[in-house]
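Every chain is numbered from 1, with letters handed out A, B, ... down the list of sequences.
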Amino acid sequence: MYVATKGGEQAIGAAHAWLAETRRGDAALPELSVAQIEEQLGLAVDRVMAEGSCHDRGLAALAVKQAKGDLIEAAFLLRAYRTTLPRFGATAPLDTGAMRIRRRISATYKDLPGGQVLGPTFDYTHRLLDFSLTAAGLPPEAASQAEPDTAPTPRVTELLAREGLMQREQPSEAEPGDLTREPLRFPADRAVRLQALARGDEGFLLGLGYSTQRGYGNAHPFVGEIRVGDVAVCFTPPELGFEIELGDIGVTECQMVNQFKGSRTEPPQFTRGYGLVFGHGERKAMAMALVDRGLRAAELGEEADAPAQQQEFVLYHCDNVEATGFVEHLKLPHYVDFQSDLENVRTMRESAMKAAAE
Amino acid sequence: MTSAAAKPSPPSGGRGLGEGGAQGAYAHDTGYNFAYLDESTKRMIRRAILKGVAIPGHQVPFGSREMPLPYGWGTGGIQVTASILGPSDVLKVIDQGADDTTNAVSIRAFFRRVAGVATTERTAEATVIQTRHRIPERQLTEGQILVYQVPMPEPLFRLEARVAETKRMHALADYGLMHVKLYEDIARHGHIATSYNYPVMVDGRYLMSPSPIPAFDNPKMDRMPALQLFGAGREKRIYAVPPYTAVRSLDFEDHPFRPIRAPHACALCGSRESYLDEVITDDRGGKIFVCSDTDYCTERQATKAAAE
Amino acid sequence: MDTRYPGFADPVLDAQASFRAVLEAMSRPGRVQAVVAPPELPPGLSPAAASVLLTLVDAATPLRLAAGTEVEAWVRFHCGCPFVCDGAAFVLDPGATLMELEAGTDEEPERGATLILEVAALEEAGGWRLRGPGIRDEHRLRVTGAPPGFVAEWARNHARFPCSVDVILCAGARIAALPRSLRIEES
């Protein structure tokens with residue numbers, strides 16, 4: 001006699017216990033601390049903050065640990081935590097012009113005020129596995145640093161704009177939309193698009209940004225500037241009525257300079273593709289800037305038929321928490337629908353075979 | 001924030017655990033607001049639900065929140081349930097018609113933890129039923145609310161992927177594309193080759209996705225005494241069918257809609273009316289058919305046993 | 001201006017109970033529901049209207065309000081909503097007429113306003129004949145104190161479907177709802 005399987009609750013409990021066991025791994029080895037992850041896997045932590053849409057390195061490091069290093073899972077953990085937090089209001093726009101710079105490079109000028117600052121970068125490293133890292137040793141010697149330049153570091157795009165060569169963005173005092181509170185509506189304005197991209201999956205945006213370089217979107221980008229460092233976050237609590245500084249956050253900003261042939265209303269000039277992400281995330285900021293520029297095609301009167309130029313396509317698919325949920329939901333039982341399809345296919349086969357026999 | 005699971009308080013009477021009857025209310029995890037969502041989120045969702053009820057079949061966009069369960073795993077249904085649920089409700093959660101499927105178990109445990117509500121496996125005892133992919137066989141009543149988990153709320157999405165375009169089609173009630181698609185099915189296969197997520201017209205105005213329930217369940221939606229609410233978390237839409245509202249499966253005069261079920265009797269309760277799951281019993285082609293609605297099947301078996 | 005009048009005794013569970021009453025009312029037009037109300041209220045506000053405001057209105061929903069300064073102070077404190085004349089999501093103003101309120105668009109009919117209308121009494125017998133979604137055959141609703149010409153205006157409101165305005169009738173601590181899908185006949 002057939003007896004249906006039961007005991008889902010126990011099975012789930014046991015699976016989660018096993019998960020916890022494998023997370024810890026070999027108990028003979030020392031356990032990773034959250035502080036170690038935060039310090040030594042900093043770029044993973046930064047990526048989780050960016051895609052988790054929550055600037056908190058400690059929590060992001062905890063999420064990385066809990067997720068066993070699965071960074072999308074970690075971003076999901078951070079998002080689910082973020083959504084339980086009360087919302088106090090909107091901060092003043094970040095002034096990245098006043099960033100305390102750790103790294104700053106421009107590809108469009110050989111030298112410029114504020115200088116080229118390489119900072120901690122993989123660029124120009126030779127990608128040879130460094131076997132010395134397999135053995136625990138003394139910490140590396142402190143890197144030699146030039147005297148910090150106290151001169152202001154103007155944005156490259158601003159230098160161009162002063163000459164009238166770079167299209168200026170329209171400043172707005174309005175509070176930008178927030179897609180975590182209001183669903184997307186199309187056409188989405190640029191602030192909402194940038195929010196979606198800033199939270200978006202690095203791999204997805206990288207692929208899309210790359211596609212614009214290969215002819216799917218006709219981009220002519222130059223890295224006007226990438227800057228990495230700390231900026232102050234300022235907020236005016238309604239009960240105080242004046243602005244206070246909440247603290248510093250680490251961000252990466254990329255401004256891509258793109259040629260624009262001009263339109264009926266605008267002379268030829270350069271236009272901006274903009275990328276900003278939490279933490280140190282150059283690849284993501286650059287990909288974001290390419291895609292941001294792609295998404296401006298329609299409003300600049302350019303042809304807009306490449307994937308990276310289509311708002312709905314990009315914004316609905318760049319969120320990895322949404323994407324992973326829906327792709328992975330295919331693991332859930334679907335046997336009821338499948339049964340319908342089984343009956344359906346059997347019926348169709350029967351009539352097809354009958355027709356073939358006649 | 002606390003992460004310890006709520007300790008169940010003793011069941012508040014009635015049947016004991018494990019018999020499928022109502023499990024008494026649990027103390028809810030006080031680290032979270034009642035039913036997890038904060039009050040302003042609940043208000044936003046409640047407003048969306050009310051507009052959905054006032055415009056039957058119309059998809060109302062809402063500010064879907066990120067839930068601690070993945071998108072695609074019932075976050076829309078969970079948010080709707082969390083926004084309507086009160087301490088006196090009795091909640092039933094089913095997936096594929098069964099209370100003991102893993103995701104149903106997980107969602108039921110979530111609500112026990114964050115809302116402390118009583119849960120049941122008995123359709124008749126429930127005031128709120130959250131479902132994925134099925135409508136219970138037992139006719140639902142005026143005192144009940146059926147909450148569907150919806151993966152893709154847009155019935156036209158396979159024909160037109162752009163949301164802005166489908167919105168325009170709904171505004172104009174321009175559903176020719178769907179009729180053409182169904183007619184092409186008939187031309188090719190002799191019948192409409194859609195067996196689940198079969199599109200319906202609600203109150204003669206809006207084309208609506210019934211969620212991926214088998215077409216077999218579609219007729220149950222028509223003029224159902226219970227309120228039907230639909231939540232799509234990832235796609236951020238809520239829609240509704242008020243009680244006693246006309247829900248018609250799209251068809252043609254010469255090709256009327258026909259619900260499909262496997263032409264067998266349930267191996268456990270003998271039902272020839274219920275929707276059946278096919279269960280493979282060995283690797284030599286052996287198989288049996290059993291009810292997908294586990295509560296319906298259990299009840300029929302108990303009645304049969306009592307009569308013997 | 002502050003208010004000395006309280007909100008819900010239990011903000012979470014009272015709002016839930018009231019929402020279910022409103023949901024039931026909207027789902028079964030003409031069926032009269034009792035709501036949970038705050039223990040004490042500013043003059044000029046029925047317990048039902050107070051309950052609906054606390055349950056549904058907040059900073060995200062502009063409100064058109066004409067119910068006196070005490071009520072305004074109470075709403076400002078407990079709901080924190082912006083006050084507007086045009087484009088309100090909720091309206092509590094005896095001078096408002098259905099056809100002048102925000103009705104949404106064909107693409108976004110959900111943007112149609114909800115009118116909270118204070119009336120003298122609601123009874124489930126006699127009076128209007130109601131038909132439409134939520135009603136098996138016919139519901140009867142006797143509304144005492146509806147604005148003159150309301151039924152004729154409702155017909156014009158309903159004719160715009162799916163754009164339109166939804167109404168929550170409030171009498172004492174009882175409500176009945178008129179969703180835009182509803183057809184009303186005077187008997």
S.K.: Among B:Ala193, B:Ser195, B:Pro68, which residue forms the greatest number of heavy-atom pairs with chain A at distances under 4.5 Å?
M.R.: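 Winner by heavy-atom pair count: B:Ser195.
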
S.K.: Students often mix this up, so state it plainly: with edges at 30° and 60°, are the rings of A:Phe313 and A:Phe204 parallel, tilted or perpendicular?
M.R.: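 It falls in the tilted class, 30° to 60°.
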
S.K.: Inspect the surroundings of CZ in A:Arg24 and state if more than 12 heavy atoms from other residues, nucleotides or ligands are less than 6.0 Å away.
M.R.: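 For A:Arg24, atom CZ is crowded (more than 12 foreign heavy atoms under 6.0 Å).
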
S.K.: Any idea which heavy atoms bring A:Gly203 and A:Asp201 closest together, and the distance?
M.R.: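 The answer is N-OD2, 3.1 Å.
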
S.K.: Using heavy atoms and a sub-4.5 Å threshold, report which of residues 320-349 of chain A line up against chain B, by residue number.
M.R.: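 Within residues 320-349 of chain A, near chain B: A:Val321, A:Glu322, A:Gly325, A:Phe326, A:Glu328, A:His329, A:Lys331, A:Leu332, A:Pro333, A:His334, A:Tyr335, A:Val336, A:Asp337, A:Gln339, A:Ser340, A:Asp341, A:Leu342, A:Glu343, A:Asn344, A:Arg346, A:Thr347, A:Met348.
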
S.K.: Take atom CZ in A:Arg87; do more than 12 heavy atoms of anything else shown fall under 6.0 Å from it?
M.R.: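 Atom CZ in A:Arg87 is crowded, with more than 12 foreign heavy atoms closer than 6.0 Å.
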
S.K.: Give a yes-or-no answer on whether the side chains of B:Glu278 and B:His264 include a donor-acceptor pair shorter than 3.5 Å.
M.R.: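 No - no donor-acceptor pair under 3.5 Å links their side chains.
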
S.K.: Could you tell me which of A:Leu77, A:Leu179, A:Thr180, A:Thr83 has the largest number of non-hydrogen atom pairs under 4.5 Å with chain B?
M.R.: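 Max contact count across the listed options: A:Thr83.
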
S.K.: Go through the steps for B:Arg134 and B:Asp277 under the test salt bridge (Lys or Arg N to Asp or Glu O under 4.0 Å), then give the verdict.
M.R.: CA-CA 12 Å; B:Arg134 274 312 309 275; B:Asp277 298 333; over 6 Å; no

S.K.: Among B:Pro151, B:Ser64, B:Ala98, B:Ser292, which residue forms the greatest number of heavy-atom pairs with chain A at distances under 4.5 Å?
M.R.: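 Most heavy-atom pairs within the cutoff with chain A belong to B:Pro151.
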
S.K.: Side chain, backbone, both or neither: which part of B:Arg237 has an atom under 4.5 Å from a heavy atom of chain A?
M.R.: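 Only the side chain of B:Arg237 comes within 4.5 Å of chain A.
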
S.K.: Can you tell me if B:Phe257 has over 12 outside heavy atoms packed within less than 6.0 Å of its CZ?
M.R.: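 Buried by this count: over 12 neighbours within 6.0 Å.
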
S.K.: Relative to chain A, which segment of B:Arg65 carries a heavy atom at a distance below 4.5 Å: side chain, backbone, both, or neither?
M.R.: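 Contact with chain A involves both backbone and side-chain atoms of B:Arg65.
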
S.K.: Quick one: of B:Leu276, B:Asp38, B:Asn33, B:Asp99, who has the most non-hydrogen atom pairs under 4.5 Å with chain A?
M.R.: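 Max contact count across the listed options: B:Leu276.
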
S.K.: Taking 4.0 angstrom as the limit, do B:Glu137 and B:Arg261 come out as a salt bridge?
M.R.: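 Salt bridge between B:Glu137 and B:Arg261, a charged N being under 4.0 Å from a carboxylate O: no.
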
S.K.: For a quick test of reading the model, state the closest non-hydrogen atom pair linking A:Gly200 to A:Glu51 and the distance between them.
M.R.: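 Scanning both residues completely, I find the closest heavy atoms to be O-CG, 3.3 Å.
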
S.K.: Report which part of B:Ala104 has an atom under 4.5 Å of a heavy atom belonging to chain A: side chain, backbone, both, or neither.
M.R.: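 Contact with chain A involves no heavy atom of B:Ala104 at all.
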
S.K.: Does any heavy atom of chain A fall under 4.5 Å from the side chain of B:Thr194, the backbone, both, or neither of them?
M.R.: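 The backbone, not the side chain.
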
S.K.: Against chain B, work out which of A:Pro183, A:Ala80, A:Ser351, A:Ala355 has the most heavy-atom pairs shorter than 4.5 Å and name it.
M.R.: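 Looking at each of A:Pro183, A:Ala80, A:Ser351, A:Ala355 in turn, A:Pro183 comes out on top.
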
S.K.: Please give me the minimum heavy-atom distance between A:Val291 and A:Leu205, naming the atom from each residue.
M.R.: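 Of all heavy-atom pairs spanning A:Val291 and A:Leu205, the closest is CG2-O, 3.9 Å.
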
S.K.: Between B:Phe216 and chain A, with a heavy-atom cut-off of 4.5 Å, which part of the residue counts as in contact: side chain, backbone, both or neither?
M.R.: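 For B:Phe216, there is no contact with chain A at all, as no heavy atom is under 4.5 Å.
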
S.K.: Applying salt bridge (Lys or Arg N to Asp or Glu O under 4.0 Å) to A:Glu175 and A:Arg181, what does each step give before you reach the verdict?
M.R.: CA-CA 13 Å; A:Glu175 188 177 319; A:Arg181 309 188 65 79; over 6 Å; no

S.K.: Could you tell me which portion of B:Phe289 (side chain, backbone, both or neither) has an atom closer than 4.5 angstrom to a non-hydrogen atom of chain A?
M.R.: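 The side chain, not the backbone.
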
S.K.: When only pairs under 4.5 Å are counted, which of B:Val163, B:Ile260, B:Ile213 shares the most heavy-atom pairs with chain A?
M.R.: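 Maximum pair count with chain A is reached by B:Val163.
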
S.K.: If I measure from the heavy atoms of chain A, does B:Arg132 come under 4.5 Å with its side chain, its backbone, both, or neither?
M.R.: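 It is the side chain, since no backbone atom gets that close.
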
S.K.: Tell me, for B:Leu37 versus chain A, whether the close heavy atoms (under 4.5 Å) come from the side chain, the backbone, both or neither.
M.R.: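 Contact with chain A involves no heavy atom of B:Leu37 at all.
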
S.K.: Can the ring centres of A:Phe186 and A:Tyr316 be said to be less than 6.0 Å apart?
M.R.: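 They qualify: ring centres under 6.0 Å apart.
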
S.K.: Could you pull out the closest heavy-atom pair between B:Cys269 and B:Gln301, with the gap in Å?
M.R.: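 Distance-wise, the nearest heavy atoms are CB-CG, 3.9 Å.
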
